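Contents: one structure, followed by commentary.
Below, chain A is the first sequence line, B the second, and so on; all start at residue 1. Since this is a predicted model, take the numbers as computed values, not measurements. Side chains included, hydrogens not; waters and symmetry mates left out as well; all remaining heavy atoms used.
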There are 2 protein chains.
Amino acid sequence: MSALSGIPAKGATPANDQDGASLSKAQLAHQWIRSRISDGTFSPGYRLVLGQIARELDVSAVPVREAIRLLEAEGLVTFERNIGAQVAMLDATEYVHTMQTLSLVEGYATALSAPALNADTLDRARRINAEMADCLDHFDPVSFTRLNLEFHSVLFEGCPNPHLLDLVHRGWSRLSALRDSIFSFVPGRAHESVAEHAALLDLIENGADPIQVELAARNHRLGTLEAFLARQKIVAPVTSPASASPAPKGKNNEVPQ
Amino acid sequence: MSALSGIPAKGATPANDQDGASLSKAQLAHQWIRSRISDGTFSPGYRLVLGQIARELDVSAVPVREAIRLLEAEGLVTFERNIGAQVAMLDATEYVHTMQTLSLVEGYATALSAPALNADTLDRARRINAEMADCLDHFDPVSFTRLNLEFHSVLFEGCPNPHLLDLVHRGWSRLSALRDSIFSFVPGRAHESVAEHAALLDLIENGADPIQVELAARNHRLGTLEAFLARQKIVAPVTSPASASPAPKGKNNEVPQ
DNA sequence: TCCTTCTAAATCGTATATGATTTGATACAT
DNA sequence: ATGTATCAAATCATATACGATTTAGAAGGA
């Protein structure tokens, strides 16, 4: 029956054309929208209309809807019943909350990851940090931001807790996807940042207490947040003091002992 | 205009019957499945078939699918392309990772919430803890578990960071929804738990450093995790030491100072 | 008996169609 | 001229229909 002719009897690629990736339309739409958000084509507030996106991707509205609900769960878009979806707005308050959460989970992930880092890996981190220092001289904020993610990725990717790692990824993804030019770079902070990176690496290399590594990594990110808030503080207070700065004095959450 | 008569002129409920809740079918399905998971009707590993659930709820498969994808994002079900969904299995490793993550976010949320807690609220927490002590005498693990959530809720619900609060809720929800009888209660731990609750309340009442509150809350939960692991350890090592117990000796992560 | 191959049922993934809701525009009355 | 009610277009939410994929079981051969 199936031995008719030269047509490949069963080996015919089942679903997709030939790449073997085999993406569902929903996944396709998810990646497509996501990349559009990342590259700024869909900027925060942009209205995501199901039918419109569906036509553009030549699919039906159903998988597009699924993609958007997934993006909603990731915090990249907001969605309202019978109204629709739009790219999430990352206002100052949201930025503070996201950074605060990221500082927490990234700090812990880094501490859990630290014991697994070998000399080679630490050396790679040092080289990346050196490149970041170079970027300061040439004033290259874009590369600096990219390298910053690379640096921290080296440190936290070894985290053995997948849930925690996922939270770290989500935080970074939210920040990088929705980054507004306002938040991307605080000039005066960059030098300090490179120095703190070096200090963090020293701690890890010397096998410091996990809690020390954790708080160093956490305070490093909170420092960036504080720098941002310091620039904004004259304009308007963003949140209640307790939430905006869990350690306003800078002394309460220093590395203990 | 609207003074016609007893009939509410324009206020006629637009979509739903009369309750005003106005749930979408997807939300309905979400809650329905979720409650079935919580009450154990759908136990871990149970296969969730779209059409079957759709028929039972008298809706189409589309909103059921959406509900399931949402539950997947919450970590309550697993989903595989072209295969289907099933209630997530909470094995020992997953339990460890979930508890570890919860200890982190709940600890921080509690610390951030602490300054906002007034005397009345703290008193309520003390009363709940007293009830928990009673449960120990009558050996009532079910009430104990419920009160435990209540107690901690009082402490962390004041957290001003909604993202963080959401993570805490997800952790609890995962644990309570997927709890297996195996994990629900470690007898020897309960007395210690009540004592630690009291200590935590004292810290908060005395306005202790946020970092102290955070680590006390964190270590309280990690203590429960350790108790579980201690019971299991003879059978088989669950994960690598670094992930299972970030502070194996119990001394590395004590409250500093 | 065991392994392979085919077939069919079950289920998922998506397209299309239709009802429900919101929103903006227009017409009308004051 | 302004505010209000009505209507139409756009869009979301869901039902139905159909193609694609997986999986279990039957049929056939070694």
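Atom CD1 in B:I83 sits roughly 10 Å away from atom P in D:dA24 (whole-Å rounding). Distance B:K25 NZ to C:dG19 P: 13 Å, rounded to the nearest Å. Rounded to an integer number of Å, the gap from CZ of A:R55 to C1' of C:dT16 is 15 Å. One interatomic measurement links the two molecules: CD of B:E66 to P of C:dT14, which rounds to 14 Å at whole-angstrom precision. Rounded to an integer number of Å, the gap from CD1 of B:I68 to C1' of C:dT11 is 12 Å. Taking atom CD of A:E80 as the reference point, atom P of D:dC12 lies 12 Å away to the nearest angstrom. In this structure, A:Q86 places its CD atom 14 Å from P of D:dT11, rounding to the nearest Å. Atom CD of A:E72 and atom P of D:dC12 are 13 Å apart (whole Å).
At the heavy-atom level, B:L28 lies nowhere under 4.0 Å from the strands shown. Looking at heavy-atom distances under 4.0 Å, B:V49 makes contact with sugar-phosphate atoms alone, never a base.
In terms of heavy atoms, B:M89 sits closest to B:P44 at SD-C, 3.7 Å.
Contacts of B:Y46 classified as ring-ring contact (aromatic ring centres under 6.0 Å, His included), with partners at least two apart in sequence or in another chain: B:F42.
Side-chain atoms of A:T78 never come within 3.5 Å of backbone atoms of A:A88 as a donor-acceptor pair (strictly under, hydrogens ignored). No side-chain donor-acceptor contact under 3.5 Å links A:T101 to the backbone of B:H163.
In the set D:dT14, D:dC12, D:dT22, the nucleotide with an atom closest to the side chain of A:N82 is D:dC12. Taking only side-chain atoms of A:S60, from C-beta outward, the nucleotide of C:dT22, D:dT21, C:dT14 with the closest atom is C:dT14.
Each of B:L50 and B:V62 has a nearest nucleotide on DNA chain C; the 5'-most of these lies closest to B:L50.
Each of B:R170, B:R221, B:R218 was scored for a salt bridge (charged side-chain N to carboxylate O under 4.0 Å, His left out) with B:E106, with one residue passing: B:R221.
Within the structure, every side-chain polar atom (N or O) of A:R81 is placed at least 4.0 Å from both OP1 and OP2 of C:dT21.
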